[in-house]
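These numbers come from the heavy atoms of this one structure, side chains and all, not from hydrogens, waters or symmetry mates. Quantities reported herein were computed from a predicted structural model and do not represent experimental measurements.
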Amino acid sequence: MGFQETFKALSDPVRREILEMLKSGRMSAGEIGQKFQMTGATISYHLSILKKADLVKEQKEKNFIYYELNTSVFEEILLWFSQFRTENE
């Protein structure tokens, strides 16, 4: 994982909303797309950016692709941020 891809993915409000949606569990691209007023191609683009940043994982089942959070990347980000805490906090 590169932090550049991670922060690029997190910089977009749509992608952040997708991540928030996935907190409750895995969803198909169609389920994600129903929450937005945008084309399927646009949703696929956002999911592609999230996958490239390793923030989401995909799992294919029959005719569907399901997306879920990759929590290990979030843990790595938190660990990296924690180095900037001062000892008094």
Side-chain angles (χ1 to χ4, degrees):
M1 175 198 69
F3 283 124
Q4 181 176 353
E5 290 88 9
T6 302
F7 291 123
K8 175 185 176 185
L10 293 172
S11 71
D12 186 274
V14 171
R15 293 192 285 269
R16 289 194 306 268
E17 190 171 343
I18 291 171
L19 292 172
E20 287 181 36
M21 291 168 55
L22 292 173
K23 282 192 316 186
S24 61
R26 71 184 196 148
M27 299 176 76
S28 70
E31 291 170 323
I32 294 168
Q34 289 175 355
K35 308 288 184 184
F36 297 96
Q37 297 276 333
M38 54 185 67
T39 66
T42 303
I43 294 295
S44 291
Y45 168 76
H46 286 296
L47 289 168
S48 173
I49 297 292
L50 291 169
K51 286 189 306 185
K52 183 177 180 183
D54 235 7
L55 292 167
V56 297
K57 301 183 279 187
E58 71 177 15
Q59 182 177 357
K60 297 178 183 182
E61 291 182 19
K62 298 185 183 180
N63 294 334
F64 296 96
I65 299 175
Y66 290 94
Y67 297 88
E68 62 185 315
L69 292 178
N70 183 2
T71 55
S72 64
V73 172
F74 288 97
E75 291 167 0
E76 187 175 337
I77 293 168
L78 288 172
L79 184 63
W80 183 78
F81 273 124
S82 71
Q83 73 179 328
F84 298 104
R85 287 186 71 182
T86 62
E87 291 182 26
N88 296 335
E89 293 183 48

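Crowding of Gln4 atom CD: a count of heavy atoms from other residues, nucleotides or ligands under 6.0 Å not exceeding 12. Heavy-atom neighbours of Phe64 CZ from other residues, nucleotides or ligands within 6.0 Å: at or below the threshold of 12. At most 12 non-hydrogen atoms from other residues, nucleotides or ligands lie less than 6.0 angstrom from NZ of Lys52. The neighbour count for Gln83 CD, taken as heavy atoms of other residues, nucleotides or ligands under 6.0 Å away, is above 12.
Although no hydrogens or angles enter the test, the distance criterion places a donor-acceptor pair under 3.5 Å between the side chain of Arg16 and the main chain of Ser11. The closest donor-acceptor contact from the side chain of Ser44 to the backbone of Gly40 lies under 3.5 Å.
Hydrophobic cluster membership differs between Leu69 and Leu79, with clusters built from Ile, Leu, Val, Met, Phe, Trp and Tyr side chains linked at under 4.5 angstrom. No continuous path of hydrophobic side-chain contacts links Leu78 to Val73 [ILVMFWY only; heavy atoms under 4.5 Å]. The hydrophobic cluster containing Tyr66 does not contain Leu55, counting ILVMFWY residues as joined when their side-chain heavy atoms lie under 4.5 angstrom apart, directly or transitively. Residues Ile49 and Ile77 do not share a hydrophobic cluster, defined by chaining ILVMFWY side chains whose heavy atoms lie under 4.5 Å apart.
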Practice item. Using the side-chain contact (heavy atoms from CB on, under 4.5 Å) rule, take Glu17 and Phe36 through it: C-alpha gap first, then chi angles, then the decisive distance, then the call. Key: CA-CA 10 Å; Glu17 190 171 343; Phe36 297 96; 3.7 Å; yes
Practice item. Please lay out, stage by stage, how Tyr45 and Met38 fare under the test side-chain contact (heavy atoms from CB on, under 4.5 Å). Key: CA-CA 11 Å; Tyr45 168 76; Met38 54 185 67; over 6 Å; no
Exercise for review: Walk me through it: do Arg26 and Glu61 pass the test salt bridge (charged side-chain N to carboxylate O under 4.0 Å, His left out)?
Suggested key: CA-CA 12 Å; Arg26 71 184 196 148; Glu61 291 182 19; 2.7 Å; yes
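Between Ala29 and Leu47, the shortest heavy-atom distance links the atoms CB-CD1, 4.0 Å. Nearest approach of Ala9 to Arg15, heavy atoms of both residues: O-NE, 3.0 Å.
Each of Glu31, Lys57, Glu58 was scored for a side-chain contact (heavy atoms from CB on, under 4.5 Å) with Tyr67, with one residue passing: Glu58. Each of Leu22, Val56, Ile18 was checked for a side-chain contact (heavy atoms from CB on, under 4.5 Å) with Met27, and the lone residue meeting it is Leu22.
Aromatic ring pairs are classed by plane angle as parallel below 30°, tilted from 30° to 60° and perpendicular above 60°; the pair Phe3 and Trp80 is tilted.
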